[in-house]
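Order of listing sets the numbers, starting from 1, for every ligand and every atom in it. Model, not experiment: these values are computed from the prediction.
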Amino acid sequence: MKRTYLYILTISFFLAACGQGSVNQDQKDSTAAAKTAEIDTASVPGIEKVPFNDTINLKANDDMHFDKDLFKIKSGKKIILRLTNIGSQAGAPMSHNVVILNKGTDISNFADDARKSEKDQYIPPTFASSIIAHTKPVIAGKSDEVEFTIAQPGLYDFICSYPGHWGTMQGKIVVE
Ligand SMILES: [Cu+2]
């Protein structure tokens, strides 16, 4: 009888200890999540080698690539977005643009609507609130330039919204 009592006591103590353990684990998890949110932008591979810039200067070619895919800018600062199309001017020249998307925008959904927005030069009105800045369509040999400011630090995507281009024409902007 005494032995059973001890046994139950031991089990209870063990369970209590486990309970305590899981509380600590939860605390650890939430601390880790908070840290992840904090270092979100710092965890972008290669970002430590990218200097702060006041200009996002992109060149696009007929192979549907931008010459750069990673930028670092300061929040609240006026930034120039410039796109130059260095593609061939012969035949049927290919156009490109650059669209900077707000944090958390689903690129695939955006591109889907962009594809259906030919009359709006592939800038979908349905996603107006997700667009921070965009250039005009730029044909080979031309360039376009716009200014923008991003107030909130974080990680932002940019793409070319021409149909079928965004898969290879995209990059990231870290705002600190
Ligand atoms: Cu393009």
Side-chain angles (χ1 to χ4, degrees), residues 36-37 39-176:
T36 308
I39 60 161
D40 159 58
T41 55
S43 64
V44 178
I47 192 63
E48 70 282 356
K49 290 180 208 131
V50 177
F52 280 105
N53 224 316
D54 296 342
T55 306
I56 291 183
N57 199 5
L58 288 163
K59 294 189 180 79
N61 210 332
D62 291 339
D63 67 355
M64 293 201 288
H65 281 90
F66 290 121
D67 63 329
K68 297 190 197 88
D69 61 6
L70 191 54
F71 291 89
K72 189 156 71 179
I73 64 170
K74 290 226 160 85
S75 62
K77 200 162 187 202
K78 202 177 272 182
I79 307 292
I80 293 168
L81 168 64
R82 184 187 303 127
L83 171 66
T84 306
N85 187 337
I86 57 168
S88 165
Q89 296 173 52
M94 185 186 282
S95 288
H96 299 290
N97 65 12
V98 183
V99 183
I100 300 175
L101 298 169
N102 215 339
K103 266 195 288 192
T105 306
D106 185 307
I107 302 182
S108 163
N109 287 343
F110 178 91
D112 243 17
D113 277 15
R115 185 169 45 81
K116 299 169 200 152
S117 309
E118 187 177 0
K119 72 174 170 56
D120 293 302
Q121 301 180 315
Y122 306 111
I123 302 297
T126 45
F127 273 86
S129 63
S130 304
I131 298 169
I132 288 176
H134 69 85
T135 67
K136 292 189 190 112
V138 178
I139 60 164
K142 299 285 180 194
S143 65
D144 186 47
E145 197 175 288
V146 290
E147 273 182 3
F148 71 95
T149 304
I150 297 180
Q152 259 207 345
L155 189 56
Y156 296 77
D157 292 299
F158 67 84
I159 64 166
C160 170
S161 71
Y162 268 73
H165 290 206
W166 69 278
T168 51
M169 299 189 79
Q170 60 172 280
K172 292 190 182 300
I173 302 169
V174 170
V175 182
E176 285 189 358

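At distances below 3.5 Å, at least one donor-acceptor pair connects side-chain atoms of D144 with backbone N or O atoms of K136. Distance alone, capped at 3.5 Å, places no donor-acceptor pair between the K142 side chain and the S95 backbone.
With a cut-off of 2.8 Å, the protein N/O/S atoms near the Cu ion (ligand 1) add up to 4.
The list of ring-ring contact (aromatic ring centres under 6.0 Å, His included) pairs with a residue in residues 115-146, not counting sequence neighbours, reads F110-F127, Y122-Y162.
Contact between P93 and Q89 at its shortest, heavy atoms only, is CG-O, 3.6 Å. Considering all non-hydrogen atoms of both residues, M169 and A60 come closest at CE-CB, 3.7 Å.
Q170 has its side chain within reach of I107: a pair of non-hydrogen atoms, C-beta onward, lies under 4.5 Å apart.
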